[in-house]
**Student:** 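Sharing a structure below in C-alpha cells format, with a few things to ask.
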Amino acid sequence: MEEKLQFMSVPAVVASRLENKMLDFVFAVDDPVTWHTMNIIQNRSHYSFLKFLGPKHITAVQNNYGAGVYYNTLVPCDGRLIKYGVVSTETLLQDLLHWRTLYIAGRLHKPVKILTQRDDGRLKSALTSNLKSALNAAFLMLPESFSEEELYLQIAGLSYAGDFRMIIGEDKDKVLNIVKPNVPHFQKLYAAILLDCPLAVYKAQQGRVEVDKSPEGQYQQLMALPKKLQQNITALVDPPGKNRDVEEILLQVAQDPDCSSVIQQALYGIVRSSSLSQSAKGIVTAGVKKSVQYSSKKLYKMLRSLRRGKS
C-alpha cells in the first residue's frame with residue numbers, strides 16, 4: 001500500500017493532555033482501492049456495512065462525496081479509541097493548493113504530527129503553499145498590527161468558518177483550546193514564512209506582526225489566495241451577467257473597507273458545503289450506531305464548554 005503522507009490531526013500538546021482524547025489519523029494514499037482491499041482483509045471490523053459492497057464502492061464513496069475523505073471512527077487501538085481517514089494523494093494536493101473543501105488543508109494549517117512522509121516534491125511544495133495561503137487569508141481579516149496569538153487564532157479558525165458543527169456538536173472554545181497550549185508549535189510552523197513575507201513585519205521578540213493594509217498590499221494578498229477562495233469572492237462581489245476579470249474584481253475588493261467580511265463570507269461558502277456533506281457521509285461510513293455514539297460525545301463536549309462559559 002503506497003502511502004505518501006500519514007499524520008495525526010491532533011495538536012502537539014503534552015501527551016498527558018491527550019490521554020482521554022480520540023486520536024485522529026489521516027492516511028494519504030496513491031491507490032485507495034488497493035489500500036481499502038488490504039485494510040478490509042486486516043481490519044474488517046473497522047468498516048460499516050459498506051464493507052459488503054467491496055473496496056471499489058468504498059473508494060467511490062470516498063472520492064465522490066463530501067470532502068474526499070473516508071473515515072473509520074471509534075476504533076479500539078492499544079487501549080484507546082482512534083479514528084482514521086483515508087484520502088487520495090491527488091485529492092489532498094488539490095485541497096492544499098486550491099482549498100476545494102478546506103477539510104484536510106484546514107487541519108494542516110495547525111500543528112500536527114507527521115508520522116511518515118515520502119520524498120515527494122509536489123507534496124512538500126503544496127504543504128508550504130497551504131501555510132502561505134493561510135497567512136494571506138488571516139492577514140486580510142486582521143488589523144494592521146496584531147499579536148502572534150491573534151494571528152494563530154485567526155488561522156486556526158479558518159477551517160471552522162461556516163462549519164455547522166461549531167453551532168451544534170463542537171466545544172465552543174475549540175479554536176482557543178487548539179492555539180493557547182500550542183503557540184510554540186504554531187511558531188515553528190509559521191515563523192520562517194513570516195520572516196520571508198514581504199508584506200509583513202514579524203517582530204518575534206515582541207510577539208507582534210504588522211501587515212501592509214494598503215490597497216496595493218491587500219491586492220497582492222488577494223491574488224495569492226487559493227483558486228476556490230478567489231472564485232467564491234468573485235461570486236459574492238460580481239453581479240450576475242457582468243463577467244469581469246478576476247483581477248478586476250479582486251482589485252475592487254482590495255479597496256473595500258469591508259474586505260475582511262468578504263473573505264469571511266467566501267470562506268463560509270467553502271466550509272459550510274464540505275462540512276455538511278462530509279458529516280452526512282460519515283453516517284454511512286461509520287454506521288448508525290457509531291454515528292450516534294460519536295455525535296453524543298461531541299454534544300457532551302459542547303454542553304460542557306457552554307456550562308464553563310456560564311460559570
Side-chain angles (χ1 to χ4, degrees), residues 1-9 24-40 46-48 50-51 53-73 75 82-110 112 114-118 120 122-127 129-131 133-134 158-165 226-232 266-287 290-291 294:
M1 293 187 285
E2 283 266 293
E3 294 172 357
K4 291 254 183 172
L5 176 73
Q6 304 175 18
F7 66 87
M8 252 193 326
S9 184
D24 182 353
F25 294 83
V26 175
F27 303 97
V29 302
D30 289 334
D31 184 354
V33 174
T34 300
W35 198 95
H36 286 297
T37 300
M38 298 298 293
N39 199 44
I40 289 171
H46 295 183
Y47 289 83
S48 68
L50 290 176
K51 60 178 170 277
L53 302 180
K56 287 186 179 178
H57 283 90
I58 287 173
T59 300
V61 170
Q62 174 185 312
N63 290 336
N64 299 331
Y65 301 96
V69 187
Y70 189 100
Y71 259 102
N72 286 324
T73 189
V75 175
I82 69 166
K83 62 177 178 175
Y84 62 90
V86 184
V87 62
S88 75
T89 305
E90 193 55 40
T91 297
L92 172 62
L93 286 168
Q94 290 299 311
D95 203 30
L96 290 172
L97 293 171
H98 305 305
W99 288 9
R100 287 177 61 180
T101 66
L102 255 181
Y103 196 82
I104 299 296
R107 280 166 165 74
L108 289 165
H109 290 161
K110 308 166 190 75
V112 298
I114 295 182
L115 302 176
T116 64
Q117 182 179 343
R118 234 177 47 204
D120 183 300
R122 276 202 316 160
L123 185 53
K124 285 181 179 178
S125 176
L127 287 165
S129 176
N130 183 47
L131 298 179
S133 295
L158 293 175
S159 59
Y160 296 117
D163 189 337
F164 81 98
R165 294 171 302 177
K227 183 167 67 175
K228 176 64 176 175
L229 187 53
Q230 289 182 341
Q231 289 172 344
N232 278 24
L267 283 166
Y268 280 166
I270 297 173
V271 176
R272 187 188 306 114
S273 175
S274 64
S275 67
L276 279 168
S277 56
Q278 184 68 28
S279 294
K281 184 169 80 172
I283 298 171
V284 177
T285 60
K290 281 189 175 181
S291 294
Y294 186 70

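The figures here come from the full heavy-atom set of this structure, side chains too, leaving out hydrogens, waters and symmetry mates. Predicted model only: the values in this text are computed from it and were never measured.
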**Student:** If you look at every heavy atom in Tyr84 and Val75, which pair is closest and at what distance?
**Tutor:**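 Taking Tyr84 first and Val75 second, the nearest heavy atoms are CE2-CG2, 4.1 Å.
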**Student:** List the atom of Pro226, the atom of Leu97, and the distance in Å for their closest heavy-atom pair.
**Tutor:** CB-O, 3.7 Å
**Student:** Does the side chain of Thr91 reach to within under 4.5 Å of the side chain of Ile104, using non-hydrogen atoms?
**Tutor:** no
**Student:** With rounding to the nearest 0.5 Å, note down the distance linking NE2 in His98 to CG in Leu93.
**Tutor:** 9.0 Å
**Student:** Leu92 versus Tyr103: any side-chain heavy-atom pair under 4.5 Å?
**Tutor:** no
**Student:** Report yes if the side chains of Leu102 and Leu267 come closer than 4.5 Å at any heavy-atom pair, otherwise no.
**Tutor:**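 They are in side-chain contact.
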**Student:** What do you reckon, is NZ of Lys228 surrounded by more than 12 foreign heavy atoms closer than 6.0 Å?
**Tutor:**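 Atom NZ in Lys228 is not crowded, with 12 or fewer foreign heavy atoms closer than 6.0 Å.
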**Student:** Would you sort out whether Leu96 and Leu123 count as a side-chain contact (heavy atoms from CB on, under 4.5 Å), showing the intermediate values?
**Tutor:** CA-CA 9 Å; Leu96 290 172; Leu123 185 53; 4.0 Å; yes
**Student:** Can Tyr70 and His36 be counted as having a side-chain donor-acceptor contact under 3.5 angstrom?
**Tutor:**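 Note: Tyr70 and His36 side chains miss the donor-acceptor criterion.
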**Student:** Distance from Lys281 atom NZ to Leu276 atom CG, nearest 0.5 Å?
**Tutor:** 14.0 Å
**Student:** Nearest 0.5 Å, please: how far is CG in Asp120 from CG in Leu127?
**Tutor:**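 That separation rounds to 9.5 Å.
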**Student:** Within a strict 4.5 Å, meaning less than it, do heavy atoms of the Asn39 and Asn72 side chains meet?
**Tutor:**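 A side-chain contact exists here, since the closest heavy-atom pair is under 4.5 Å.
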**Student:** Quick one, Val61 and Thr285 - any side-chain contact, counting heavy atoms below 4.5 Å?
**Tutor:** yes
**Student:** With a 4.5 Å cut-off on side-chain heavy atoms, are Trp99 and Leu158 touching?
**Tutor:** yes
**Student:** So, Ser129 side chain and Ser125 main chain: donor-acceptor pair closer than 3.5 Å or not?
**Tutor:**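 Between the backbone of Ser125 and the side chain of Ser129 there is no qualifying donor-acceptor contact (under 3.5 Å).
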**Student:** Are side-chain heavy atoms of Gln278 and Thr101 found at a separation under 4.5 Å?
**Tutor:**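 The answer is no; the side chains never approach within 4.5 Å.
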**Student:** About how many Å separate NZ of Lys83 and CG of Asp24, when rounded to the nearest 0.5 Å?
**Tutor:** 4.5 Å
**Student:** If you take all heavy atoms of Ser159 and Gly106, which pair is closest and at what distance?
**Tutor:**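 Looks like CB-CA, 3.6 Å.
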**Student:** List the steps, then state whether side-chain contact (heavy atoms from CB on, under 4.5 Å) holds for Val26 with Val112.
**Tutor:** CA-CA 11 Å; Val26 175; Val112 298; over 6 Å; no
**Student:** To the nearest 0.5 Å, how far apart are OG1 in Thr59 and CG in Asp31?
**Tutor:** 7.5 Å
**Student:** With sequence neighbours excluded, give me every salt bridge (charged side-chain N to carboxylate O under 4.0 Å, His left out) pair touching residues 59-70.
**Tutor:**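 Salt bridge (charged side-chain N to carboxylate O under 4.0 Å, His left out) check on residues 59-70 returns no pairs.
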**Student:** Using a distance-only test with no angle check, is there a side-chain donor-acceptor pair under 3.5 angstrom linking Asp30 and Trp35?
**Tutor:** no
**Student:** To the nearest 0.5 Å, how far apart are CG in Asn232 and OG in Ser273?
**Tutor:**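 Asn232 atom CG to Ser273 atom OG measures 9.5 Å (nearest 0.5 Å).
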